[in-house]
Amino acid sequence: MALQGEYAPSSWDWVRNQVEKFEASDGAEANTLPGTDDPIIVITNRGAKSGKIRKTPLMRVERDGSYLAVASKGGADEHPVWYHNFVAHPEVELQDGPVKKTYRARLLSGAERADWWEHAVATWSTYGEYQKKTEREIPIFLLEPVA
Ligand code: F42
């Protein structure tokens with residue numbers, strides 16, 4: 001069941017523009033981190049306070065049909081706001097290229113987190129640099145398909 005509600009675009013222009021181009025082309029364009037060949041996905045999520053629909057591009061980290069959402073925010077000392085949305089409303093929609101499906105987000109910890117963090121850094125090494133920039137442990141959510 002698609003997430004319904006009023007769409008509230010990101011307040012960051014480059015993010016809002018990437019989402020617009022990605023969705024208008026059904027994932028055929030604007031599907032990499034600008035200036036690189038590194039693939040992204042777009043996650044539709046519900047605002048924890050506003051209840052509005054938010055769309056969050058993230059680097060594509062996938063394994064065996066599940067995806068990872070890495071709340072790195074460039075190594076900032078605070079979590080991205082979407083972290084709170086995923087905690088409050090774990091049912092999200094993830095679009096990878098033309099394919100859009102429903103997933104359930106689960107915050108990882110312990111050995112499971114360590115295993116998936118290793119996969120995230122192996123997929124996109126900049127995550128390792130971001131973690132070195134901050135004392136904050138970068139949260140990661142496992143997104144598992146909802147049947
Ligand atoms: N961010 C990452 O953290 N990791 C990535 O791998 C990543 C890759 C990436 C690739 C392409 C691209 O274009 C962007 C990429 N980003 C990545 C950036 C990511 O998409 C987000 O823009 C970034 O992580 C910051 O997320 P944010 O949720 O903090 O966004 C801010 C700027 C924002 O949109 N704030 C809104 C605002 O109005 O200022 C509020 C958003 C919101 O969700 N509000 C909640 C609500 O209720 O509506 C409130 C929630 C609460 O409890 O406060």
Side-chain angles (χ1 to χ4, degrees), residues 2-63 65-109 112-144:
L3 287 180
Q4 306 291 330
E6 180 196 340
Y7 172 42
S10 170
S11 50
W12 291 356
D13 292 348
W14 63 283
V15 172
R16 187 174 59 247
N17 295 337
Q18 174 147 32
V19 169
E20 270 166 29
K21 272 201 211 117
F22 179 89
E23 292 199 321
S25 65
D26 202 19
E29 288 165 30
N31 52 20
T32 62
L33 184 71
T36 77
D37 292 332
D38 303 339
I40 62 118
I41 42 95
V42 172
I43 301 179
T44 301
N45 57 102
R46 186 174 297 285
K49 290 183 182 146
S50 69
K52 291 180 179 175
I53 298 298
R54 305 287 184 171
K55 295 179 189 244
T56 307
L58 297 176
M59 300 319 294
R60 182 183 186 281
V61 180
E62 185 273 343
R63 186 169 65 185
S66 294
Y67 290 79
L68 210 55
V70 178
S72 49
K73 197 180 173 182
D77 287 334
E78 71 287 341
H79 296 337
V81 176
W82 61 263
Y83 165 88
H84 303 290
N85 301 348
F86 282 42
V87 169
H89 303 292
E91 192 152 300
V92 299
E93 286 164 352
L94 183 146
Q95 184 168 346
D96 185 359
V99 181
K100 187 172 191 180
K101 288 184 190 165
T102 303
Y103 292 78
R104 189 160 193 78
R106 175 165 63 86
L107 199 54
L108 295 186
S109 60
E112 191 180 24
R113 182 192 184 283
D115 171 49
W116 273 98
W117 175 255
E118 191 182 331
H119 181 61
V121 174
T123 303
W124 198 58
S125 61
T126 309
Y127 282 136
E129 267 115 83
Y130 287 162
Q131 184 55 84
K132 288 185 197 128
K133 280 176 66 178
T134 178
E135 295 294 310
R136 170 177 74 99
E137 183 180 76
I138 293 176
I140 60 176
F141 294 86
L142 184 61
L143 273 58
E144 294 164 297

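Counting starts at 1 for both ligands and their atoms, in listed order. Just so we're clear, the structure is a prediction, and the values are computed from it rather than from any experiment.
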Non-hydrogen atoms of Y127 versus ligand 1: any pair closer than 4.0 Å? yes
Whether the side chain of R16 engages the backbone of S10 through a donor-acceptor N/O pair (distance < 3.5 Å, no angle test) should be reported. yes
Provide the number and element of each atom of ligand 1 under 4.0 Å from a heavy atom of S50. 46 (C), 47 (O), 48 (O)
Can you find an N or O of T56 that's nearer than 3.5 Å to an N or O of ligand 1? no
Could you see which bit of N85 sits under 4.0 Å from ligand 1, with heavy atoms only: side chain, backbone, both or neither? side chain
Under 4.0 Å, heavy atoms only, figure out whether ligand 1 is touched by the backbone of W82, its side chain, both or neither. both
Is there a heavy atom in K52 that sits closer than 4.0 Å to ligand 1? no
Quick note on ligand 1: atoms under 4.0 Å from a heavy atom of P80 include exactly 24 (O), 25 (C), 26 (O), 29 (O)
Taking only heavy atoms of G47, which atoms of ligand 1 are found under 4.0 Å from at least one of them? 46 (C), 47 (O), 48 (O)
With a 4.0 Å heavy-atom cut-off (strictly under), which part of I40 contacts ligand 1: side chain, backbone, both or neither? side chain
For ligand 1, note which part of V19 has a heavy atom under 4.0 Å away: side chain, backbone, both or neither. neither
Taking only heavy atoms of K73 into account, list the atoms of ligand 1 that are under 4.0 Å away from them. 2 (C), 3 (O)
Run the ring-centre check on Y67 versus F141 and record whether the distance is less than 6.0 Å. no
Contact (N/O only, under 3.5 Å) between P34 and ligand 1: no
Between L94 and K100, is the side chain to side chain contact (heavy atoms under 4.5 Å, CB included) condition met? List the steps. CA-CA 6 Å; L94 183 146; K100 187 172 191 180; over 6 Å; no
Between E91 and R46, does at least one N-O distance fall below 4.0 Å, as a salt bridge requires? no
Heavy-atom distances under 4.0 Å are what count here, so tell me which part of W14 touches ligand 1: side chain, backbone, both or neither. side chain
Give a yes or no on this: more than 12 heavy atoms of other residues, nucleotides or ligands lie within 6.0 Å of atom CD of E20. yes
May I ask you to list the atoms of ligand 1 that are less than 4.0 angstrom from any heavy atom of S11? 32 (C), 33 (C), 34 (O), 35 (N), 37 (C), 39 (O)
Proximity of Q18 to ligand 1 by residue part, where a heavy atom lies under 4.0 Å: side chain
Is the closest N or O pair between L58 and ligand 1 shorter than 3.5 Å? no
Between D77 and T134: side-chain donor-acceptor atoms closer than 3.5 Å: yes
Within reach of ligand 1, part of H84 (heavy-atom separation under 4.0 Å): side chain
Quick check: V70 and ligand 1, any N/O pair under 3.5 Å apart? yes
Please determine, by modelled atom types, if D38 and W124 share a side-chain donor-acceptor pair under 3.5 angstrom. yes
